[in-house]
Amino acid sequence: MEENVRQELKALEMMVLNWKQSYLESATPEGNNDFLLEEFQEEIGTYLSPYLRRLLQCEHLTQQEAEEFLGSCYGQVDDLERLIRELETPPAQPGVWQKLILKTKLVWQEQGRFFT
């Protein structure tokens, strides 16, 4: 692959990451964010797929390179989905007992005892 094609793919990758960040910023903790994933996936299909197909037709990319790049772009959709699900269901906060055990461990460590 030529250097100018590598730079072009790097620019496209940055564009996809910027789209992903924009969609993540639009997500809400209340849910109903599936449309963001659909729109992100649609943007990749609408704008990147034809461009990569043209690079392939002009023999600037091999079939394998085009598939790998497009696969990594769609992988960003999967990552966005994971990030949105984390936003919608934040990790549980430790309960009273977990906090008490943690404080006990810290006190024992300060006193030179080991807590197992």
same_hphob_cluster([X], [Y]) at 4.5 Å side-chain heavy-atom cutoff:
X	Y	answer
Trp19	Leu17	no
Tyr51	Leu61	yes
Leu37	Phe35	yes

Should [X] and [Y] count as side-chain neighbours, where that means a heavy-atom distance under 4.5 Å?
X	Y	result
Leu24	Leu36	no
Phe40	Ile44	yes
Leu48	Met15	yes
Glu67	Leu70	no
Ser49	Tyr74	yes

Is a donor on one side and an acceptor on the other found under 3.5 Å between the side chain of Glu25 and the backbone of Ser22?
no
Item to complete: Keeping the roles fixed (side chain from Asn33, backbone from Thr28), state whether a donor-acceptor pair exists under 3.5 Å.
Response: yes
Pair Glu86 + Arg82, salt bridge at N-O below 4.0 Å: yes
- Item | Pair Arg85 + Asp78, salt bridge at N-O below 4.0 Å | no
For Gly45 and Pro50, the nearest pair of non-hydrogen atoms, with its separation, is O-CD, 3.4 Å
Correct closest heavy-atom pair for Leu52 and Ala66 would be CD1-O, 4.3 Å
Straight-line distance of [X] [atom1] to [Y] [atom2], nearest 0.5 Å:
X	Y	atom1	atom2	answer
Gln76	Leu83	CD	CG	9.0 Å
Gln21	Leu80	CD	CG	9.5 Å
Glu13	Phe69	CD	CZ	6.0 Å
Asp34	Glu81	CG	CD	7.5 Å
Asn4	His60	CG	NE2	7.5 Å
Cys73	Glu68	SG	CD	12.0 Å

### Task
Give a yes or no on this: more than 12 heavy atoms of other residues, nucleotides or ligands lie within 6.0 Å of atom CD of Glu59.
no
If you draw a 6.0 Å radius around CG in Asn32, do more than 12 non-hydrogen atoms from other residues or ligands fall strictly inside?
-> no
Between Arg6 and Glu2, is a salt bridge (charged side-chain N to carboxylate O under 4.0 Å, His left out) present by the stated rule, with each step listed?
-> CA-CA 6 Å; Arg6 264 187 234 287; Glu2 296 175 19; over 6 Å; no
Checklist line | Pair Tyr23-Glu43, side-chain donor/acceptor within less than 3.5 Å | finding: yes
